[in-house]
Amino acid sequence: MIQLRTVRDEELTADELAELRAFLNAAYDHEFGDEDWRHARGGSHVLGLVGAELVAHAAVVPRNLRSGSRVWRTGYVEAVGVRQDQRGHGHGRTVMLKAAEHLRATYELGALSAGPQNWPFYERLGWLRWTGPTFVEVRGEQRRTAEDDGEVFVLPTPATGEFDRTEPLVCEWRSGDAW
């Protein structure tokens, strides 16, 4: 049975952070780079444990997303991973359901970016694909991120309010992948 633990980034010890980084690197077939690690830091971590072993993870980090005149304080999901020998047991689903609870209680909107191979997973969990064009704001200027169109998903929370998924969606700049 999987046990869940939600912790703030700063509550993790240096050893726990090192273990988490190694876990994510293995979960991502050793393609989890420094930018990916930075994007997963600064918020909360949902840790899925079987016994004392980390088997699943999702990070929720604060970001601001904008559509039209509306700016949402957003919980952005990063670094969703399941240990390779634990896949197919529902651990990713369980961790994401807990992350969704956290998003609904804490943020105005949930968001994440996912490749086409993961779209059915997130859609089954109630995430909605943003179908409008995407942009990143760099020093006050909006730049198109057409390569990310259709890959951004949102999860409404009680504080989201009305929105139109066909409108442009803008994120703030960060190093590495904008989305």
Side-chain angles (χ1 to χ4, degrees), residues 1-9 11-12 16-33 35-63 65 72-131 134 148-160 163 165 169 171 176-177 179:
M1 177 59 98
I2 190 170
Q3 301 295 313
L4 298 173
R5 179 177 167 215
T6 303
V7 296
R8 301 255 335 130
D9 200 69
E11 295 173 327
L12 295 170
E16 289 171 322
L17 286 168
E19 177 187 351
L20 179 56
R21 173 72 193 266
F23 167 83
L24 290 167
N25 193 40
Y28 280 81
D29 293 325
H30 304 283
E31 294 184 12
F32 192 81
E35 291 291 345
D36 300 314
W37 179 237
R38 277 192 284 281
H39 292 172
R41 302 285 312 274
S44 297
H45 301 272
V46 178
L47 307 173
L49 303 152
V50 172
E53 295 291 319
L54 180 62
V55 298
H57 170 269
V60 178
V61 297
R63 295 189 76 184
L65 298 185
W72 290 285
R73 192 172 53 79
T74 303
Y76 201 82
V77 176
E78 294 279 3
V80 177
V82 177
R83 199 170 80 189
Q84 289 186 12
D85 67 336
Q86 292 291 313
R87 292 179 183 165
H89 299 286
H91 299 327
R93 181 184 194 290
T94 302
V95 165
M96 283 302 299
L97 289 173
K98 185 66 171 177
E101 283 179 26
H102 176 67
L103 289 166
R104 288 185 183 105
T106 310
Y107 293 96
E108 296 175 316
L109 183 69
L112 58 81
S113 179
Q117 72 279 10
N118 294 316
W119 294 354
F121 173 75
Y122 292 111
E123 289 167 342
R124 282 192 304 272
L125 294 175
W127 290 78
L128 307 171
R129 205 155 55 119
W130 195 275
T131 58
T134 57
D148 296 305
D149 287 358
E151 295 192 351
V152 176
F153 284 74
V154 296
L155 184 69
T157 75
T160 301
F163 65 95
R165 291 183 288 144
L169 187 64
C171 68
D177 297 330
W179 295 97

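Only a predicted model underlies this, so the values are computations on that prediction, with no experimental measurement involved.
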### Test: Arg8 and Glu11 ion pair at under 4.0 Å
no
#### Entry: Sub-4.5 Å side-chain heavy-atom contact between Arg83 and Leu54
no
### Message
Ignoring hydrogens, what is the shortest heavy-atom contact between Leu17 and Trp37? Give both atom names and the distance.
### Response
O-CH2, 3.5 Å
## Note on the structure
Note: Ala40 and Phe32 closest approach over all heavy atoms is CB-CZ, 4.5 Å
### Message
Out of the candidates Thr6, Val60, Ile2, only one should pair with Lys98 under the side chain to side chain contact (heavy atoms under 4.5 Å, CB included) rule; please name it.
### Response
Thr6
### Task
Using a 4.5 Å cut-off on heavy atoms from C-beta on, say whether the side chain of Pro116 contacts that of Glu151.
yes
### Query
Any side-chain donor-acceptor pair under 3.5 Å between Thr134 and Asp148?
no
### Task
Flag the pair Phe153 / Leu128 as yes when at least one side-chain heavy-atom distance between them is below 4.5 Å, and no otherwise.
no
### Query
Is Trp130 close to Leu65 at the side-chain level, that is, under 4.5 Å between some pair of heavy atoms?
no
### Query
So do Trp127 and Leu112 actually touch side chain to side chain, heavy atoms under 4.5 Å?
yes
### Task
Output the distance between atom OG (Ser113) and atom OH (Tyr76), rounded to the nearest 0.5 Å.
4.5 Å
#### Entry: Close side-chain approach of Glu108 to Thr74, heavy-atom, < 4.5 Å
no
#### Entry: Residue pair Glu31, Asn25: steps toward the side chain to side chain donor-acceptor pair (under 3.5 Å) verdict
CA-CA 6 Å; Glu31 294 184 12; Asn25 193 40; over 6 Å; no
### Message
Between Glu16 and Arg21 (salt bridge meaning N to carboxylate O under 4.0 Å), is one present in this structure?
### Response
no
### Message
Testing the basics here: between Ala27 and Val82, what is the closest heavy-atom pair and its distance to 0.1 Å?
### Response
CB-O, 3.8 Å
#### Entry: Closest approach of His45 to Ala59 (non-hydrogen atoms, all atoms of both residues)
ND1-CB, 4.0 Å
### Message
Less than 4.5 Å apart, side chain to side chain, heavy atoms only: is that true for Leu12 and Val7?
### Response
yes
### Query
Considering residues at least two apart in sequence or located in another chain, which fulfil the side-chain contact (heavy atoms from CB on, under 4.5 Å) criterion with Phe121?
Arg93, Met96, Arg124, Leu125
### Task
Say whether, by atom type as modelled, one donor and one acceptor occur between the side chain of Thr157 and the main chain of Ala159 under 3.5 angstrom.
yes
### Query
Do you know the tightest heavy-atom contact between Asp9 and Gly42?
CG-N, 3.5 Å
### Message
Give me the atom names and distance for the closest heavy-atom approach of Val61 to His39.
### Response
CG1-O, 3.5 Å
### Query
Do Ser44 and His102 have side chains that get closer than 4.5 Å, going by heavy atoms?
yes
### Task
Please work out which of the three classes, parallel, tilted or perpendicular, describes the rings of Trp72 and Phe163, given edges at 30° and 60°.
perpendicular
